[in-house]
Structure formats: C-alpha cells, structure tokens
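As structure tokens, the structure follows; a few thoughts come after it.
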Amino acid sequence: MDNALNHEAAQAYEEQLARERDRLRTLLEVNNAVVSCLSSKQLFQVISASLRRTFGLDYASLLIHDPEIGALRLQMLDFPDGSGAIRNMP
C-alpha cells in the first residue's frame with residue numbers, strides 16, 4: 001500500500017516538475033526573443049508561438065489601451081490555424 005502511495009506521489013511531483021520546466025523554457029524563449037527580434041511584429045509572432053506551444057492556446061492577441069477612445073485597441077493577432085472565425089482587422 002505504501003509503495004502505491006509513494007509511486008502516485010512521485011508521479012504527481014514529476015508532472016509538477018515537468019510543468020515548471022516547460023514554463024521556465026517558455027520564459028527563456030520569450031527573453032531570447034526580446035533581445036534578438038528587431039521588429040515588434042516579429043517579437044509578437046515568436047512570443048505568441050511559444051505561448052501557444054506551452055499553454056495549448058489557439059491564438060494570441062495584443063490589445064493596447066487607446067486613451068483617445070478610452071478602450072482597448074487590437075494591435076496584433078496571431079491565429080495561424082484560423083478557419084475564418086477571427087479575421088484580420090484593417
């Protein structure tokens with residue numbers, strides 16, 4: 001009985017460590033992108049690809065507050081597998 005409980009605890013800990021490793025790898029990828037990407041569009045694409053891969057996201061978007069209209073404005077959108085549900089804004 002103790003072996004089964006120890007095995008389950010060890011498995012849970014191993015999964016936790018794997019998630020933490022993946023998060024740290026993503027943080028390193030984002031850091032590397034910040035220092036190596038020359039354009040904001042390229043930076044956003046690299047970061048969003050890393051976040052999609054790590055967290056299983058379908059898309060990523062960047063919204064920036066526009067004080068003139070008092071709302072968020074869509075600045076960039078990365079939806080590589082899009083089927084038309086989200087389209088590029090002019």
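We count residues from 1, following the sequence as given.
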**Request:** Tell me, please, which residues at least two apart from Arg19 pass side chain to side chain donor-acceptor pair (under 3.5 Å).
**Result:** none

**Request:** Apply side chain to side chain donor-acceptor pair (under 3.5 Å) to Glu20 and list each qualifying residue two or more places apart in sequence or on a separate chain.
**Result:** Arg23

**Asked** Are any non-hydrogen side-chain atoms of Ser61 and Asp78 less than 4.5 angstrom apart?
**Response** no

**Prompt:** Hey, what else clusters with Leu28 if you join Ile, Leu, Val, Met, Phe, Trp, Tyr whenever side-chain heavy atoms sit under 4.5 Å?
**Reply:** none

**Asked** Between atom NE2 of His7 and atom CD of Glu14, what is the distance when rounded to the nearest 0.5 Å?
**Response** 9.0 Å

**Item:** Within one Ile-Leu-Val-Met-Phe-Trp-Tyr cluster: Phe55 and Ile47, side-chain cutoff 4.5 Å
**Value:** yes

**Request:** Could I get the full list of salt bridge (charged side-chain N to carboxylate O under 4.0 Å, His left out) partners for Arg25, not counting sequence neighbours?
**Result:** Asp22

**Request:** Under the side chain to side chain donor-acceptor pair (under 3.5 Å) rule, collect the residues that match up with Thr54, sequence neighbours excluded.
**Result:** Thr26

Run the side-chain donor-acceptor check on residues 63-71: report pairs under 3.5 Å with partners two or more places apart or on a different chain.
{"residue": "Asp66", "atom": "OD1", "partner": "Glu68", "partner atom": "N", "Å": "3.0"}
{"residue": "Asp66", "atom": "OD2", "partner": "Arg73", "partner atom": "NE", "Å": "2.9"}
{"residue": "Asp66", "atom": "OD2", "partner": "Arg73", "partner atom": "NH2", "Å": "2.4"}

**Under 4.5 Å side-chain linkage, directly or through intermediates, the cluster mates of Leu17** = Tyr13

Check residues 37-46 and write down every donor-acceptor pair under 3.5 Å in which the side-chain atom is one partner and the other belongs to a residue at least two apart or another chain.
{"residue": "Ser39", "atom": "OG", "partner": "Gln42", "partner atom": "N", "Å": "3.1"}
{"residue": "Gln42", "atom": "OE1", "partner": "Leu38", "partner atom": "N", "Å": "3.3"}

